[in-house]
Every structure is written in structure tokens, then in C-alpha cells.
Amino acid sequence: MDLIFLSPLLFLLGTATILWPKSLEMAAHYVGMMFAAVGSAVLLYKSGLYLISAGVLESADGWLVTGRWGSYSLNADLWSAPFLVITGLAGFIISLYGMDYAKGYRGNGLRALTGQWNLFLLSMVMVLLAGDAFTFILAWEVMALVSFLLVNHESSKKETVSAAYQYMIMTHLGTAAILVAFYILGSGVGSFSFTAFCNNKLPADVKHIVFCFAFAGFALKSGLMPLHVWLPNAHPAAPSHVSALMSGVMLKVAVYGFGRFVFQFIGIDTLWQGGLVMTVGLISAFLGVLYANMEKDMKRILAYSSVENMGIIFTGFGCGMILKHLGLEALSLVAFTAVLVHAFTHSLMKCLLFMSAGCVMHATGSKNIEIMGGLAKKMPWTAFFTLIGSMSLASLPFTGGLVGEWLTLQSLYTLAVNGGDEIRLLVVFGLILMGLTGALALGCFVRLFGVVFLGRCRSKTIDKAHEQPFFMVLALGIEAALIIAVGIFPSPLVAAMEGIFTGGNAVVPMATDFALLWSGTGNFYNQLSAYCPIIFAVIGLALFGLCYLSIMGNTLVRSEVTWNCGTYPTARQQYSATGFSKPLRRAFDFILKPRREKVYLEKEHDYFGRIMRFNLFVPDRFTDRLYHPIEHFMVRISSTLLMIQQGSVRLYIAYTMIAMVAVLLWGVM
Amino acid sequence: MDFVLTSVGTNLLQGLLLLILAPLFGGIINKVKARMQKRQGASVFQEYFDLWKWWRKPSILTPYTGKVFVLAPIIYFVTAFMAAMMVPGLMKTGFSYGDAFIFVYIMALGRFFLTLSSMDAATAFGGMGGSREIYISVLVEPAVMLAILINSLRYGSTTLANMVIDYNSFYFTVPAVLTAFAFFLVIVAENGRLPVDNPDTNLELTMIEECMTLEYSGRLLTFIHLGTMLKLLVFLVLFGSLYLPIDIPVLVKALMGAVLIGVVETLNNKMRLFKVRIFLSAAVLLLAVAVIAQ
């Protein structure tokens with residue numbers, strides 16, 4: 001038995017801690033989290049080695065895992081490997097974090113939480129290892145149900161329950177679409193194993209229908225607009241380590257499924273496929289980050305930022321599909337590598353930020369950023385690591401976030417060079433939206449970090465905030481270190497991801513490698529540029545040190561309260577998060593349609609003696625314009641059906657009688 | 001390795017040259033404005049004296065601020081300096097690390113920290129400046145992306161050094177003129193000049209860059225002002241070497257740009273903040289037309 005099977009086994013053992021007696025609750029929690037961490041570490045080790053060796057390390061036929069038990073089979077090739085690495089890495093770090101974080105749920109279903117945590121990891125690993133449609137759908141469904149249970153963990157809160165059920169309904173719509181896709185493929189090919197699906201000879205029209213269903217299903221799971229509505233509700237409702245795993249890993253599992261379909265089952269034979277994926281990706285990226293700028297709930301901000309980043313990933317994917325369709329394999333390689341690199345770095349930074357949101361919630365007991373401020377002085381390490389994560393999400397230099405973003409921009413640009421007029425138009429549209437997205441992401445994380453960690457405390461309730469337990473801060477630190485490492489030395493990561501397409505047992509073999517891109521010695525095909533972050537980092541650090549010395553030597557520093565026209569400034573005079581995004585709300589009001597509501601609680605006179613309440617809503621327009629009408633339509637249909645569904649037994653007997661008479665009459669005729 | 005060292009060395013020299021020239025360009029803009037307004041105006045070297053004055057003064061820190069407040073001006077200055085090292089067209093080097101997108105994101109790093117510092121001071125003024133800076137930067141960014149696209153489409157690379165106007169080919173075309181005009185609008189918005197932002201005051205009506213940095217003094221303020229002036233010069237040099245299709249030395253073109261800014265600043269009023277949206281949409285539209293016409 002291969003070492004990698006140890007990992008699912010450990011997750012299973014971890015799941016079993018749910019059965020431990022209540023008196024051993026804490027022990028069960030620690031042991032369960034330990035199983036999760038060790039299982040993830042094993043997974044990371046094995047799949048990481050496999051990925052780095054580009055699939056030649058393992059058995060001669062190039063599978064990482066292969067096996068068959070009755071109608072269930074496992075087959076993991078190089079396309080699974082990066083996602084297994086993402087799962088293993090995130091699972092390991094967040095399990096460490098969860099060990100301390102989840103202690104807060106003691107006496108409140110802690111065993112269930114830990115058990116489901118292991119099951120969730122197991123199901124995601126199984127989706128990635130699945131070798132046929134049955135196994136895939138089974139694991140996919142377990143993943144959906146367990147994540148529903150995890151989201152619904154704090155089920156005493158009303159909004160949690162509604163978010164969880166919304167998630168459940170939405171995710172099953174996605175599963176239905178994927179089922180249909182598998183069914184069409186399976187009935188056409190005559191088998192449900194993935195190897196049979198590859199290189200199938202189905203007609204192009206059928207393949208296009210399969211593509212549409214698969215895209216709908218996986219786009220829903222990865223939270224692309226307009227199928228994202230569950231995401232900003234489910235992430236804040238779940239405990240923080242669960243949100244981190246959902247955002248950091250589960251969304252990427254959807255990318256895995258989509259890639260499996262596109263690369264192996266369907267192929268890319270028309271332009272519109274890539275165009276559709278890219279357009280949806282671009283719109284998600286832009287609108288996602290625009291809504292992220294409007295939110296006040298820390299985890300909702302992060303959830304919308306996930307929509308944005310999944311949008312960037314799918315933009316790269318669509319770009320690669322178009323390039324591949326145009327026959328430019330080497331350039332599409334850049335785009336697909338961008339997809340995987342960004343999936344990896346987004347997993348790092350989103351896990352970091354969700355975990356840091358958990359730290360802040362622990363310390364302050366709230367998710368509302370409007371009441372926070374000045375936390376950097378109370379929790380310096382959390383603040384420092386969050387700053388790195390925020391920089392990375394704003395895709396600034398020296399962080400991992402820029403690597404994938406830059407590759408995506410490069411591939412967009414090569415698309416403009418090589419495509420025809422219609423493609424160039426698409427790229428113009430794409431670059432405008434990517435530019436907006438980049439700048440809005442910067443604004444979003446300046447706002448998040450600035451309001452939460454800088455300035456002064458905005459309310460008394462958070463005065464007692466303090467630094468978090470060791471394991472929580474350690475987990476943040478590991479993620480931050482990885483982000484910086486990837487940002488300054490991207491070549492190993494990019495080479496590994498590129499190896500998926502160029503390596504010995506590549507799933508989608510492509511012609512060339514682009515190692516030159518990172519060495520900085522030349523231009524790749526005279527079309528791409530080079531980026532060598534280590535040189536920038538060395539120069540930047542040297543200059544920074546020089547300038548810092550000039551301040552260190554400066555003894556002319558005084559401390560004085562800010563001049564506030566003769567009074568002492570209060571914390572309430574700081575800019576609020578809502579105020580900070582006001583110009584953006586105004587500039588994009590034609591998209592956002594903010595609703596304002598003024599209520600006079602007391603009004604003696606027009607100009608004085610007024611007590612007012614002001615409410616501002618920036619509703620998600622897709623919920624308003626798309627989902628509410630559907631919901632109303634469904635309710636109307638149902639209430640119309642109510643006319644014949646009165647619930648009275650006599651009526652149903654009458655229906656049966658009428659039906660019988662009708663059948664008899666029909667027989668006579 | 002030798003190649004890397006020599007090219008980095010040359011670029012350090014270029015950065016230093018621009019750093020030394022930057023206050024002079026600021027002084028020239030002020031002089032042009034003064035003369036246009038029928039005033040004598042301060043000497044063109046006045047900015048150097050001001051910087052020296054701030055350098056010798058004590059920095060006053062409010063007790064609410066943290067490390068970000070102290071580090072932000074340095075990071076801002078360093079990013080401006082690195083941008084100055086990257087601009088092409090001044091010195092003929094083989095330094096090809098200067099990717100245009102990276103140039104944009106290095107600038108963004110400086111902006112990120114400057115806006116954060118504005119929130120660290122815990123005042124209403126700072127936050128307002130930061131909020132508006134983000135607003136302007138969001139509107140500028142698409143135009144910058146398209147400006148990069150158009151030159152890289154023409155010369156086949158997003159490396160800044162390869163995007164320099166090539167006078168051997170036919171360079172004075174309609175798209176080139178449109179781009180040059182649009183990029184000038186970008187310079188105005190990105191560097192907080194009139195009619196987008198008034199660099200001379202920090203009154204309520206303008207309240208962008210000067211308000212973000214209101215709480216700074218002493219050496220920290222020196223870094224910010226030097227960074228801002230350097231950033232303006234970097235953009236002017238970029239304007240000259242990438243976009244202005246006239247065959248004269250780059251520094252002369254940068255000087256022309258500076259004079260143009262002085263003239264535009266005299267002839268225009270500060271625009272209402274939410275009109276900037278239209279101002280920059282014009283730039284985006286011009287660039288989009290230029291890309292299609294390319």
C-alpha cells in the first residue's frame with residue numbers, strides 16, 4: 001500500500017473522534033485535529049514530490065494513485081497534484097490553527113466540528129483522487145453535505161441557518177448540472193470511468209452541451225457571478241477555520257473539476273468557450289471586488305474578495321483556452337500556469353486572511369470592522385502577518401499575489417498581440433476590468449487593514465483585545481512566510497506548475513518551457529517580458545535600509561497630540577469604513593444602486609431637536625434582480641398549485657376517481 | 001552576473017540623476033505658473049531649500065500612530081526611486097527587468113503604504129485624503145493598462161526598455177497622438193495636479209495628496225515630498241520616452257511636459273471630485289480608440 005493512502009486513513013480516524021464520549025471532548029478535539037494535520041502533511045509530502053518530479057517519480061505509468069474497488073476507482077494524475085498540494089498545505093496549517101481556535105466551541109458541538117473537519121478534508125481529497133464519475137459525484141456530494149453541516153454549526157443564529165440552507169440549495173443546483181454533464185458523457189461513451197471519457201469521439205455539439213453544464217456547475221461551486229450568491233453568506237456564517245478551508249481549498253477543487261472536463265473530456269475546439277469563461281471571469285473579478293469595497297463585515301469582505309480572485313483565475317483559464325484554440329500552445333501554457341499559480345497563492349493568502357479574521361473575532365468578539373481600530377498595537381504579530389496577506393491580495397510586489405496576476409496580465413496581453421480584431425476588443429475590455437480590479441483590490445485591503453488595525457479603537461468593547469494563542473499566530477506566520485517566499489522566489493513554484501503541462505507524464509502536453517521568463521535574461525519569444533523579483537527585493541531592501549538609517553539617527557522626534565482646533569481629537573472623528581468607500585460608491589452608483597434610508601425617531605423642528613437614524617444598504621444586485629424574481633415566480637407557481645392541493649383526503653379521492661373515469665373512457669374510445 | 005551588476009549600477013545612477021533633477025522640475029513648474037500669473041515667483045531652486053529646511057526640522061508624531069506611520073514615507077520614497085531606476089530612454093542599458101506591469105505595481109506599493117499611513121494618524125483629514133486617493137487611482141488604472149497595451153502592441157513586448165518610441169519606423173500616427181494626449185491626462189490625475197487635485201493647498205476642496213500627508217513633518221515629510229516630485233519626473237520622462245512622438249532628447253521632452261503642466265494648471269480650475277470620473281473616462285476612451293486603430 002502506498003504511503004499516500006495513509007492520508008485518507010488518518011482523516012477517517014479523525015472523523016471517528018466524533019464517537020468519543022463527551023467527557024473526553026477536548027482530547028477528541030486535539031487528537032482529531034492532530035489526525036487532520038498529520039494526514040494533510042502526508043498528502044502534501046507525497047503529492048508535492050510527485051508534482052516537483054512532474055509525474056515521473058511514481059509508478060511507471062505515471063499515476064500518483066491508482067486503484068479499483070468494484071465500481072469505484074481512484075486515478076490521480078498530474079492535474080490532481082497541484083490541488084492535492086493546495087489541500088495538503090492548507091489542511092496542515094489550518095488544522096494547527098484550528099487546534100486553538102475551535103476550543104471556543106467547547107461544549108457546543110466541538111466533537112462534531114472536529115469530526116466533520118476531517119470528513120471535509122477527506123471528501124475533498126477523494127474528489128481530487130476520483131477516477132470515475134461515480135466516485136467523483138459521491139465525494140463531491142459528501143463535500144457539499146459536510147460543508148453544509150460545518151456552515152450550519154452555529155445553528156442557534158438565524159442568519160447562519162438561512163445562509164446554510166441557501167448554500168445547500170445552490171450547491172445542489174451545481175451538483176445537478178455536473179450530474180447532467182457526466183450523464184451525457186457517460187451515455188455517449190458507454191462507461192463512467194475517466195479514462196474512457198478521455199479522447200472520446202462524441203460529436204462537437206454534444207461536447208458543447210456538456211461544456212455548458214460543466215461550466216455552470218463548477219462556476220457555481222467556485223462562486224463566479226452571477227452564481228456567487230451563496231458565497232458571501234456562507235463564509236461569514238461558518239467558523240473561521242472552516243471558511244478558510246472552504247475559500248482556500250473548496251473553491252479550487254471546482255477549478256480542478258473544470259480543468260479535468262476542459263482538458264480531457266471536452267477539448268477546446270471553438271473560440272466562444274474560452275471567450276465565455278474569460279468574460280464571466282472578468283465580470284466576477286470586477287464586481288466581486290467592487291462589492292468587497294462596500295461591505296462592513298470582515299468575513300463578507302473576504303468572501304467577495306474570493307469571488308474576485310476566482311474571477312482572475314477563470315480569466316486566465318479563458319485566456320489560455322483562447323490561446324490554445326488559436327494554436328499558440330506555448331503562450332496558452334503561460335495562461336494555464338497563471339491559473340495554477342494564482343490558485344496556489346490565493347489559497348495561501350485567503351487562508352491567512354480568514355484565519356486572521358478569526359483571530360480578530362476571538363479578540364474582539366465581532367466581525368464588524370466599524371467598531372474596530374488600533375488593533376496593531378494590541379496584537380502586533382497578527383497585524384504584521386495580516387499586512388502581508390493584505391499586500392498579497394492587493395497583488396503588490398514581493399508577495400505571492402503578484403506572480404499569478406502578472407502571468408495573467410501577460411497572457412491577456414499576448415492574446416491581444418496574436419488574436420484578431422474581435423479578440424483585441426475583448427482584451428481591451430479585459431484590461432480595463434483588470435485595471436479596475438487591481439486598483440479596487442488595493443483600496444479594499446487598505447480599507448480593511450487600515451480600519452481594523454490602524455488608528456484608534458472605535459469602541460470600548462474592543463479595548464480588552466489581546467494577542468492570540470501561540471498556534472493561531474504560528475499558523476498565520478507560516479502562511480505569511482510562504483507568501484513572501486513565493487513572491488521573491490517564484491521560479492520553483494512556476495516551474496512545478498509548468499511541469500504539469502511539460503513534464504514527463506503531462507496531462508496536457510505542451511511544447512515548450514518558459515524558464516527564461518524568471519531568469520530575467522531575455523524576452524520570451526520577444527513577446528513576453530521578464531520579471532525577476534529577487535533583484536527588486538535586494539535593491540528595495542538596500543534603499544529602504546539606507547533611508548531608515550537616516551531616520552534612526554534623527555533624534556529630532558517629538559510626540560504631540562494632533563492639532564484639532566483646540567480640542568482633543570476623539571476616536572469617532574476618524575474616517576469610518578463606510579466613509580472610506582463613499583467616493584467609490586458614488587462613482588459606481590450606476591452599478592451598485594445604493595439605497596439610503598433616513599428615519600426621524602424624534603423631530604421637534606426642521607432644524608433642531610432631531611434624532612435620526614440613517615441606514616445605508618448596498619444590496620447585491622444579483623440577489624435583487626435575478627434571484628428574488630425567480631423566488632417570487634416559484635412562490636407564485638406554488639400558490640397557484642395550492643388550488644388543487646388542498647390537503648383534504650376527500651379531494652384526493654375525487655382526483656383518483658376522476659382519473660380512473662378518464663382512463664376508462666379513454667379505454668372505451 | 002557582471003551583466004546584472006553593471007546594468008543595476010547604471011540604473012542606480014539614472015535613479016540618482018532623476019532624484020537630483022526632480023526638485024528642479026518642481027521649481028520649473030512653479031516658475032512657469034508664477035510667470036503665467038504675472039508674478040515674479042520663487043527661484044527655480046526653491047524646492048531644494050524647502051527640502052533642506054524640512055530635513056533639519058524635528059518630526060512630530062501623534063501618540064496614536066504606529067510603525068506603519070513611520071515606515072510609510074520611506075517605502076513611498078523607495079518605490080518612487082525604484083520606478084526612477086526602471087524608466088527607459090535615458091541611458092542605453094540592457095536592463096530588461098523593467099516590466100511595465102511591474103512598474104505599475106511598484107507604484108501601487110508606495111500608494112498602498114501612503115494611504116495606510118493616512119489612516120494611521122487617526123484623523124478625519126487623513127482618512128478623507130486616503131479615500132479619495134483610492135478613488136482617483138481606481139479611475140486611473142484602466143487608462144494606465146491600456147496605455148501599456150498600446151505601446152506593447154506596437155513594439156511587441158511589455159518590457160519598458162522595448163516600448164520606447166522607435167523613430168526609424170513611422171511613429172507620428174493618429175493612435176500615437178491620441179495616446180500621447182490620453183497619457184498626459186493620466187499624468188495629471190496620477191500626480192495630483194490641477195484640475196484633478198491642487199498640489200498647493202490642503203483645504204477642504206482639494207483634500208487628496210496633501211491631506212493624506214497632513215500629519216507629517218521633518219524628515220518624514222522630506223521623504224514624501226521628494227517621492228512625489230520624483231514620481232512626477234518619472235512620469236514626465238515616461239511620457240517623453242514612450243508616448244510623445246517628437247524626435248528630440250527625452251529630458252527636453254520631459255521639460256516640455258513640465259511647462260505644459262504649468263500652463264494647464266494656470267488655465268484650469270480645480271474640477272469637482274466626482275467629475276474626475278468623466279475626465280478619466282475620456283482618457284480611457286481615447287486609448288481604446290487608439291488600440292483599435294493601431
Side-chain angles (χ1 to χ4, degrees), chain A residues 376-377 391 394-397 402 406 409-410 413 416-417 424 428 431-432 434-436 438-440 442-443 446 449-451 454-456 520 523 526-527 529-532 535-536 539-540 543-544 547-548 550-551 554 556-562 569 573-575 579-580 582-584 586-587, chain B residues 4 8 57-64 66 68 70 74-75 77-78 81-82 96-97 99 101-102 105-106 108-109 111-112 115-116 119-124 127-128 130-132 134-135 137-139 141-142 144-146 149 152-153 156-159 215 218-219 223 273-274 277 284 288 291:
Chain A
K377 293 200 192 66
M391 284 169 67
S395 50
L396 294 177
L402 182 60
W406 184 69
L409 284 171
Q410 284 292 338
Y413 150 74
V417 174
R424 190 174 284 188
V428 168
L431 276 179
I432 290 176
M434 285 294 277
L436 285 171
L440 282 168
L442 186 135
V446 162
F449 187 80
V451 171
L454 301 180
R456 299 165 67 186
N523 297 321
N526 286 325
Q527 287 200 338
S529 185
Y531 168 42
C532 193
I535 291 185
F536 285 101
I539 297 174
L543 287 171
F544 178 80
C547 297
Y548 191 68
S550 77
I551 292 199
N554 185 6
L556 297 170
V557 174
R558 285 195 293 139
S559 182
E560 204 81 59
V561 176
T562 315
Q573 286 172 350
Q574 294 174 93
Y575 237 51
F580 194 81
K582 166 82 185 177
L584 293 176
R586 179 115 182 234
Chain B
V4 172
V8 168
K57 291 217 169 203
S59 286
I60 301 175
L61 301 177
T62 58
Y64 317 121
V68 170
V70 180
I74 304 180
I75 295 175
F77 171 73
V78 168
F81 191 86
M82 284 169 78
S96 65
Y97 306 109
D99 179 75
F101 294 122
I102 299 299
Y105 280 107
I106 288 218
L109 180 64
R111 177 183 299 129
F112 183 83
T115 358
L116 275 188
M119 303 194 75
D120 205 14
T123 62
M128 186 172 283
S131 154
R132 292 178 175 185
I134 295 293
Y135 161 72
S137 76
V138 165
L139 298 177
E141 201 77 355
V144 172
M145 287 287 172
L146 289 186
L149 177 67
S152 50
L153 274 182
S157 166
T158 58
T159 304
E215 297 303 320
R219 287 197 179 176
F223 277 122
L273 189 67
F274 292 102
R277 186 169 80 178
V284 171
V291 171

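Owing to the predicted nature of the structure, the values given are computational and were not obtained by experimental measurement. In the text below, chain A, chain B and the rest are named by the order of the sequence lines, each starting its count at 1.
B/Asp99 places a side-chain heavy atom less than 4.5 Å from the side chain of A/Gln410. For the pair B/Pro142 and A/Leu431, the minimum side-chain heavy-atom distance is 4.5 Å or more. Two residues are said to be in side-chain contact when any heavy atoms from C-beta on lie closer than 4.5 Å; B/Glu141 and A/Leu440 fail this criterion. Taking the side chain as every heavy atom from C-beta outward, A/Val561 and B/Thr62 never approach each other to under 4.5 Å. Looking at heavy atoms from C-beta onward, A/Phe580 lies in side-chain contact with B/Ile134 at the 4.5 angstrom threshold. Inter-residue side-chain proximity for A/Leu454 and B/Tyr64 is flagged as unmet; no heavy-atom pair is nearer than 4.5 Å.
Both the backbone and the side chain of B/Tyr105 have a heavy atom closer than 4.5 Å to some heavy atom of chain A. Both the backbone and the side chain of A/Arg456 come within contact range of chain B, judged by heavy atoms closer than 4.5 Å. For a residue to count as touching a neighbouring chain, one of its non-hydrogen atoms must lie under 4.5 Å from one of that chain's; by this rule B/Leu116 touches chain A with backbone and side chain alike. Contact of B/Val138 with chain A is made through backbone and side chain together, with heavy-atom distances under 4.5 Å. Interface residue A/Leu402: only side-chain heavy atoms are found under 4.5 Å from chain B.
The minimum heavy-atom distance between B/Met119 and A/Gln574, with the atom names listed, is O-OE1, 4.5 Å. Closest of all the heavy-atom pairs between B/Ala124 and A/Tyr575 is O-CD1, 3.6 Å. Scanning both residues, A/Trp406 and B/Ile102, for their nearest heavy atoms gives CD1-CD1, 3.7 Å. Minimum heavy-atom separation, B/Met82 to A/Phe536: CE-O, 3.4 Å. Residues A/Arg586 and B/Arg277 approach most closely at O-NH1, 3.3 Å, considering heavy atoms. Contact record, A/Leu584 with B/Tyr135: CD2-CA, 4.1 Å, taken as the closest heavy-atom pair.
With respect to chain A, the highest number of heavy-atom pairs below 4.5 Å among B/Val284, B/Ile106, B/Val291, B/Leu61 belongs to B/Leu61. Most heavy-atom pairs under 4.5 Å with chain B: of the set A/Ser395, A/Pro583, A/Pro397, this distinction falls to A/Pro583. Of all the listed residues (B/Ala288, B/Ser131, B/Ala121), the one sharing the greatest number of non-hydrogen pairs under 4.5 Å with chain A is B/Ser131. Between chain A and the options B/Leu149, B/Val70, B/Ile75, the largest number of non-hydrogen pairs under 4.5 Å is found for B/Leu149. Each of B/Leu109, B/Asp120, B/Val78 has some count of heavy-atom pairs under 4.5 Å with chain A, and the biggest count is that of B/Asp120. Contacts with chain B were tallied for A/Val446, A/Val428, A/Val451; A/Val446 has the most, counting heavy-atom pairs under 4.5 Å. Heavy-atom pairs under 4.5 Å with chain B peak, among A/Gly579, A/Ala376, A/Gly540, A/Gly438, at A/Gly540.
Counting non-hydrogen atoms of other residues, nucleotides and ligands closer than 6.0 Å to CZ of A/Phe544 gives a total above 12.
Of the inter-residue distances, the one linking A/Cys547 atom SG with B/Phe77 atom CZ reads 5.0 Å to the nearest 0.5 angstrom.
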